[in-house]
Structures are given as structure tokens and as C-alpha cells.
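What follows is a single structure, written as C-alpha cells, with notes after it.
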Amino acid sequence: MSDGPRVERWTRRAVLFVLIALITLGGLAFGPMVFSPGVTERLSALFIYVILAVMWNLLAGYGGLVSVGQQAFFGLGAYAAIRLSAAGVAVYPALLLAALVVGGLALPIGEVMLRLAGGEFAIGMWVVAELAHLLVNLDPLVQGETGTSLIALDAFAVAARRADTYWASLAAMALALALVFLMLRGRLGTALQAIRDDDVAAASIGVRVLATKRVVFVLAAAGAALAGALWLATAITFQPHAYFSVQWTAYMIFMTLVGGLGTFEGPVIGALLFFIIETAFGASGVWYLVGLGAAALGFALFAPRGLWGGFTARFSPRLLPLGYHVVLPRTLVAALAKEGKTP
């Protein structure tokens with residue numbers, strides 16, 4: 001066999017990275033038995049942040065749909081969990097079911113919103129979020145801005161509730177990451193990249209632009225709803241103004257921009273950085289939010305690729321097998337290096 005170029009997907013580095021990630025997830029499963037109650041609760045929040053960042057990145061970074069109204073689905077996820085629990089559904093299954101219900105609700109919303117583009121879509125989603133907020137306030141169960149609680153959680157012992165919420169958040173994060181990973185590896189992922197670059201050109205070569213955007217819109221909505229339902233399980237109380245606040249989308253944008261828009265690993269890194277900043281400076285009040293805004297603006301102006309995006313542009317680590325890579329023979333690499341060229 002000649003020593004020629006070959007195309008590969010699962011590099012040794014990718015296999016090693018995936019194994020480390022799986023081992024890490026397996027180790028985190030023992031968290032409630034190892035960590036203190038405070039650490040367990042904070043890690044549950046981190047898992048939810050990862051879900052939010054990954055889903056907003058799927059929508060904007062890969063689908064090209066920049067939304068400033070994803071708090072609509074975050075709040076509706078929590079509200080649906082309240083309603084399902086009040087109807088007699090077991091509390092933790094209600095969290096997952098709430099995400100599915102909101103994902104179904106996102107279908108007709110998407111039929112309208114996906115007719116908009118650019119700034120119209122972004123502002124339109126904000127209007128949807130405000131409308132959802134007002135409609136939820138009309139429900140007598142919610143009692144307006146006074147809010148209500150996920151009362152069914154009172155039947156659990158505090159330690160059991162903390163552990164169950166931790167495991168539910170960890171499982172949801174792993175599910176979200178796996179779904180996005182598999183999506184990006186398939187034909188849909190290729191279509192998304194074509195649409196992001198130029199949806200008119202993508203349509204001209206046979207890409208089903210509207211259908212692809214619809215899938216991404218619904219999945220991102222269901223993911224945000226699942227995050228909202230899980231956040232309700234950590235906080236127990238539901239006040240509409242807190243769950244439908246635009247700050248949730250601001251957090252998603254911050255995590256994605258800082259980590260690396262349009263990359264798989266970037267939002268996870270951004271969520272981890274946001275989590276560290278919030279843990280260290282969250283008690284600083286309004287200055288904490290000012291600092292987040294300034295940091296996001298700085299990254300947008302001076303490091304638009306984000307942390308991971310800039311790193312990959314320079315070093316090309318290829319940790320995940322999302323695409324195919326051409327591997328050149330060592331003799332050719334050596335010859336190019338001798339000529340001062342980078343393969």
C-alpha cells in the first residue's frame with residue numbers, strides 16, 4: 001500500500017478526549033456521595049448553564065438564528081413543570097415532559113418566527129418572550145408575579161431532593177451534548193454549516209433550509225425549556241419575572257461568545273468560565289452584571305472567535321470527530337517543512 005494522503009475522522013486524540021469526557025461524566029455521577037451539599041447544588045447550576053450555552057450556540061452559532069428571546073422557552077419549561085405537577089404527574093418525569101411539551105409548542109411558534117431573518121428574528125423572539133410572560137401571569141395557579149412553588153418537591157427529604165436534582169441535571173446535560181454531537185456529525189450538521197454561511201446558496205444546492213432551521217429551533221427551545229424546568233427543581237419557587245427575564249439569554253450569549261461561537265467545545269468552556277465568575281463575584285450586585293457585559297463586549301471586539309475559537313484557529317487541536325481530516329504522509333510533511341511551508 002502506497003504511503004499517500006488518507007481521510008480520517010476518529011483520530012487518536014479524538015478517541016482519547018472522548019474517553020476522558022466519558023470517564024469524567026461517570027465520575028461526576030458520584031457527586032452527591034462525595035461533594036458537600038453546597039458544591040452539589042452549585043454543580044447542578046453548572047450543568048444547567050452548559051445546557052443553555054450549548055443550545056443557544058446550536059441556534060445561533062450553527063443555525064445562524066440569533067435570538068434574544070430564548071428566555072421564553074426557559075420560563076415556559078418551568079411553568080409547564082408546575083402545571084404538569086399540579087395535574088398529578090410525578091415531579092421528576094414532569095421536568096422532562098415539560099421540555100417535550102414546550103418543544104411541541106415551539107413548532108407553531110417557529111412556523112411564524114422562521115419567516116423572519118436577522119434583527120427581525122432577534123427582536124421578534126423578544127416579543128414572543130414578553131407575550132409568554134404576560135400569558136403565564138394570567139394563570140390563577142401562578143398568581144401573577146407573586147408566583148408559586150413546585151410543591152411536590154416538599155415530599156422529598158432535602159438530601160434526596162438535592163441528589164435527585166443533581167443527577168437529573170447531569171443526565172440532561174449529557175443528553176444535550178450527545179444530541180448536538182450526533183446532529184453535527186450527520187447530514188444535518190453539514191446542512192447547518194451551509195445555511196450559516198449562505199442560506200440562499202445552500203437552498204440552491206438542494207439543502208432544505210426551512211426544515212433544517214425548524215429542527216434546530218425546536219431542539220433549542222426544548223433544551224432551554226429543560227434547563228428552565230431543572231432550574232425550578234433547584235430553586236423550587238416560580239416567579240414569572242425571574243424566569244422570563246432577558247438576563248437568561250444574556251447569560252447564554254455571554255457563555256457562547258466567550259467560549260467560541262460556532263464551536264462544539266466553546267460553549268462548555270464559556271459556561272465553566274461564567275460559573276467560576278458567578279461563584280466568585282456573584283454577590284457583588286450590579287457591578288457583577290456590568291463586568292459580565294464589559295467582558296462580553298471585549299470579546300466581541302477583540303477576540304470574536306472566543307477562547308476556544310481562537311485556540312483552534314491557531315493550533316487546530318481537533319479534539320472531537322465532528323468532521324473529516326486529511327492526514328498527509330510523513331514524507332510529504334517533512335518535505336513541506338523543509339521548504340518552510342505549513343501543511
Side-chain angles (χ1 to χ4, degrees), residues 7-26 28-29 47-65 70 73 77 95-97 99-100 102-104 106-107 110 167-197 202 206-227 229-230 252 255-256 259-272 308-309 312 317-325:
V7 177
E8 64 179 20
R9 200 170 202 179
W10 281 97
T11 64
R12 291 181 180 177
R13 183 180 296 169
V15 171
L16 179 61
F17 180 79
V18 170
L19 285 175
I20 292 174
L22 292 175
I23 292 171
T24 301
L25 286 174
L28 286 172
F47 302 152
I48 295 171
Y49 290 154
V50 171
I51 296 171
L52 289 173
V54 167
M55 288 302 169
W56 195 87
N57 181 60
L58 175 66
L59 186 69
Y62 287 102
L65 298 167
Q70 290 305 102
F73 303 116
L95 303 182
L96 178 59
L97 186 57
L100 298 178
V102 175
L107 274 171
W167 284 318
S169 301
L170 177 63
M173 180 188 71
L175 176 63
L177 290 170
L179 282 176
V180 173
F181 176 73
L182 293 174
M183 177 185 293
L184 295 178
R185 275 176 56 87
R187 187 175 299 176
L188 187 59
T190 305
L192 279 175
Q193 293 184 48
I195 292 170
R196 180 185 58 186
D197 295 338
V207 176
R208 300 174 61 191
V209 174
L210 184 59
T212 303
K213 287 185 176 181
R214 188 183 295 120
V215 171
V216 171
F217 184 85
V218 171
L219 182 57
L226 181 57
L230 289 167
M252 298 179 212
M255 291 184 287
T256 307
L261 183 68
T263 65
F264 184 88
E265 301 91 342
V268 179
I269 295 172
L272 181 59
W308 186 252
T312 54
R318 298 172 185 170
L319 295 182
L320 286 172
L322 293 177
Y324 293 95
H325 308 289

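Numbering starts at 1 and runs along the sequence shown. All values reported here derive from a predicted model rather than from experimental measurement.
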(request) Write down the atom of A271, the atom of A53, and the distance for their closest heavy-atom approach. (result) CB-CB, 4.4 Å

(request) Considering non-hydrogen atoms only, spot the tightest contact between T263 and P267 and give its length. (result) O-CD, 3.1 Å

(message) Could you work out, with side-chain contact (heavy atoms from CB on, under 4.5 Å) as the rule, every residue matching L219, not counting sequence neighbours?
(response) M55, L58, L179, M183

(message) According to side-chain contact (heavy atoms from CB on, under 4.5 Å), who are the partners of A172, at least two apart in sequence or on a separate chain?
(response) I51, L226, L230

(request) Determine whether L65 and W56 make a side-chain contact, defined as any pair of heavy atoms from C-beta on separated by less than 4.5 Å. (result) no

(request) Taking side-chain contact (heavy atoms from CB on, under 4.5 Å) as the test, write out the residues that go with I20, two or more places apart. (result) L16, T24

(request) Just grab all the salt bridge (Lys or Arg N to Asp or Glu O under 4.0 Å) pairs involving residues 211-225, residues at least two apart or on different chains. (result) E111-R214, D199-K213

(message) Run the ring pair (Phe, Tyr, Trp, His ring centres under 6.0 Å) test against Y49 and tell me which residues pass, sequence neighbours left out.
(response) W231, F274

(message) Distance check, rounded to the nearest 0.5 Å: T256 atom OG1 versus L52 atom CG?
(response) 9.5 Å

(request) Kindly indicate whether the side chain of L184, heavy atoms from C-beta on, has any atom under 4.5 Å from the side chain of Y62. (result) yes

(message) Once salt bridge (Lys or Arg N to Asp or Glu O under 4.0 Å) is applied, what residue pairs with a partner in residues 54-64 remain, sequence neighbours excluded?
(response) none

(request) Could you pull out all residues at least two apart from L177 that satisfy side-chain contact (heavy atoms from CB on, under 4.5 Å)? (result) V50, V54, M173, F264, V268

(message) Within this structure, what is the CG-CZ distance for the pair L28 and F47, rounded to the nearest 0.5 Å?
(response) 5.0 Å

(message) Working to the nearest 0.5 angstrom, can you tell me the gap between F73 CZ and L59 CG?
(response) 8.5 Å

